[in-house]
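Input: a single structure, listed below in structure tokens.
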Amino acid sequence: MVKISVVVPVYNVENYLADCLDSLINQTFKDIEIICINDGSPDNSLQILEEYAEKDSRMKVYSQENGGHAVATNRGISMATGDYLFLMDSDDVLELNALELSYNRAEEKDVDFVIFKAINYNNARDEYYESEVYSMNKVYNLVGDSVFNYKDLGELIFEMSVTPWSKLYKRDFIINNNIIFPEGLIFEDNVFFYNALLSAERVCFLNEFLFIRRWYSTSSTTAGDLRFLNSIDVTNLVIDTFEKHGEYENFQKNLWNFKVRINMMRYKKIKPEFKETFFNELKKDFIKIINNPKYVENLHSNLSYGNKKLFEQVLISNNSFEFDHLRNAYANKMKSNNITKKIDFNGLFSDIYKQYWNVSTEEKEDYFHAMRNFVVELYQDELYYDIFNKITYRNKKIMEQISISTQSSEFEIIRELYNNRNKLDDLNNKRQILIDEYESIKEFNDSLKSSNSLKLAKLFNFGN
């Protein structure tokens, strides 16, 4: 039996596979097996694997029909025989001393797994850069070189890298706790990691950059295609994982904010042609949540202000177009007690209203509903009265007309009637002024006539 089993799922990575394999076969730690699962690659990946396997007997190559990253990785784990398990992505690079350093730390501390740092590499720009999600400096500053588990981390467990390639796991720990990747999904690392973290009694941190994470536009986690819908299922599975370990109550606030934040991040990154599909699935998911008595009871108090607004805006929007306009309109609002002092709401609302008359006929109905939802949400805001007292009479009337209309055509009719009424009021006011002036002149003339009549009567001695 070897000390470390390295599992490498491989799919369509002919441009990067050699770099990955070179970093494995040249490790300073030699007592390893490298299990490569070719997941039905249509390119030259299998040929490259076989060429390397001919040169290094530690490499074992297996092929299967395409089943996805999780299927290939789970198969490789089931074949592993080593004391420890390292899960490698086939388009990344491992520092040559990574397995030696992490193995020594795991043996020294007698832990279920070791966590270490990773550096980002932008393939297009040929640049390396650090990010907190892979550096995990906050975690190291808390735990240092001590042995810990999730109970020592508190909310920091949601600021850790969930990727399997920044950990060296004890194989028995993974097998005995039945920790596997959910199959048929991307972003499945989240479920695997939280299952492992909540199961582990002893973990340690190795404060070294030992992995190079390659970023490029066609990778599964950056492609922005329909697979991004998996994010919705994955966040639900993470909540289920905490339920399974009896930790939902302790972390429910973090879990719901994590769910909204992660899914909105995926929504923003998905390609435009898939945005409507993602929005519809997310709205269905949110509706299920509010129909679940267990979750909805504390959902409102658990979500942060920003995530609460996102959640509500998804529910009240009819489609992605409407949601995006609602978000853009609302994004300018400051979430503080000084909101009305810092924002020109007359300018903000006037811009929103003016844009309505500029959108195309096809977009007008969607834009109206986005505008109406913004107004309705503003009515429900705790600062509404303060805001309402600071906007002009004209904007108040427009807001009222938007809120009582059910569609764009109805709003335009109400608006036209109101404008015509104002014109009529102006005419009536002018007419009344003329009438008043006429009455004044008539009254003066009558008094003048009366005065003259008296003078004539006296002159001719009438009435004597």
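Heavy-atom basis, side chains included; hydrogens, waters and symmetry copies ignored. If you're wondering where the values come from, they're calculated on a predicted model, not measured in any experiment.
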Got [X] and [Y] here, is their nearest side-chain heavy-atom distance under 4.5 Å?
X	Y	result
V71	T73	no
F368	I402	yes
L237	L185	yes
Q64	N38	no
N195	N177	no
M88	F211	yes
Y140	S135	no
V139	L153	yes

* **E65 atom CD, neighbour heavy-atom count above 12 within 6.0 Å** =>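 Count not over threshold, so no.
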* Answer yes or no: are there more than 12 heavy-atom neighbours, outside K244 itself, under 6.0 Å from its atom NZ? =>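 Yes.
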* Asked: Would V238 and V191 count as a side chain to side chain contact (heavy atoms under 4.5 Å, CB included) if you check the C-alpha gap in whole Å, the side-chain angles of each, and the deciding distance to 0.1 Å?
  -> CA-CA 5 Å; V238 169; V191 183; 4.3 Å; yes
Decide if the gap between the ring center of [X] and the ring center of [Y] is smaller than 6.0 angstrom.
X	Y	answer
F323	F279	yes
W165	Y134	yes
W256	Y295	yes
Y194	F242	yes
F228	F274	no

Mark yes or no for whether [X], through its side chain, and [Y], through its backbone, hold a donor-acceptor pair below 3.5 Å.
X	Y	value
N190	F187	yes
D152	F148	no
K283	S317	yes
E276	S320	yes
E14	N44	yes
D43	V13	yes
T235	I232	yes
N149	R202	no
K309	Y305	no
N257	S304	yes

Nearest heavy-atom pair of [X] and [Y]: which atoms, and what distance?
X	Y	result
I77	F192	CD1-CE1, 4.4 Å
A70	F181	CB-CB, 3.6 Å
F193	V162	CB-O, 3.4 Å
E130	N137	OE2-ND2, 3.5 Å
I35	G76	CD1-O, 3.8 Å
I270	F278	CD1-CD1, 3.8 Å

* Are K275 and Y267 in a cation-pi setup, meaning NZ or CZ lies under 6.0 angstrom from the ring centre and within 45 degrees of the ring axis? ->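 Yes, a cation-pi geometry.
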* Hey, does the Lys NZ or Arg CZ of R213 hover above the aromatic six-ring of Y128, less than 6.0 Å from the centre and inside 45° of the axis? ->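 No, R213 does not sit over the ring of Y128.
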* To do: Give the intermediate values and the outcome of side chain to side chain contact (heavy atoms under 4.5 Å, CB included) for residues L255 and F158.
  => CA-CA 9 Å; L255 287 167; F158 293 95; 3.7 Å; yes
* Could R214 and D19 be called an ion pair, given the rule that one side-chain N must be under 4.0 Å from one carboxylate O? ->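 D19 and R214: salt-bridged.
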* Asked: With a 4.0 Å cut-off, would you call E243 and K294 a salt bridge?
  ->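 Salt bridge: yes.
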* To do: Check the pair F205, M136 against side chain to side chain contact (heavy atoms under 4.5 Å, CB included), reporting the backbone distance first and the verdict last.
  => CA-CA 10 Å; F205 196 99; M136 297 174 280; 3.8 Å; yes
* With side-chain hydrogen bond (donor to acceptor under 3.5 Å, both in side chains) as the test, would you mind laying out the steps for D285 and N236 before giving the verdict? => CA-CA 9 Å; D285 185 58; N236 288 333; 3.0 Å; yes
Reported [atom1]-to-[atom2] distance for the pair [X] and [Y], which is rounded to 0.5 angstrom:
X	Y	atom1	atom2	value
L282	I287	CG	CD1	10.0 Å
Q252	K259	CD	NZ	15.0 Å
N307	K253	CG	NZ	11.0 Å
E155	N254	CD	CG	4.5 Å
C20	I212	SG	CD1	11.5 Å
L310	L326	CG	CG	9.5 Å

* Asked: Checking side-chain hydrogen bond (donor to acceptor under 3.5 Å, both in side chains) for the pair Y121/D126: CA distance, chi angles, key distance, verdict?
  -> CA-CA 7 Å; Y121 174 65; D126 190 24; 2.7 Å; yes
* Have a look at H69 and tell me which of D39, I37, N74, D89 forms a side-chain contact (heavy atoms from CB on, under 4.5 Å) with it. =>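 Only match with H69 under side-chain contact (heavy atoms from CB on, under 4.5 Å): D89.
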* Cut-off 3.5 Å, side chains only: do S408 and E365 have a donor facing an acceptor? ->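 Yes, a side-chain donor-acceptor pair sits under 3.5 Å.
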* For D189 and T163, test the side chains for any donor-to-acceptor distance below 3.5 angstrom and give the result as yes or no. =>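 The criterion, which ignores hydrogens and geometry beyond distance, is not satisfied for T163 and D189.
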* To do: Begin with the C-alpha distance, continue with both residues' side-chain angles, and end with the deciding distance and a verdict on side-chain hydrogen bond (donor to acceptor under 3.5 Å, both in side chains) for W215 and N120.
  => CA-CA 7 Å; W215 289 96; N120 297 284; 2.7 Å; yes
* Apply the test side-chain hydrogen bond (donor to acceptor under 3.5 Å, both in side chains) to residues T277 and N280: give CA-CA distance (whole Å), side-chain angles for both, the deciding distance (0.1 Å), then the verdict. => CA-CA 5 Å; T277 303; N280 289 332; 5.8 Å; no
* Asked: When you look at S166 and K117, which way does the side chain to side chain contact (heavy atoms under 4.5 Å, CB included) test go after all the steps?
  -> CA-CA 6 Å; S166 60; K117 296 182 175 185; over 6 Å; no
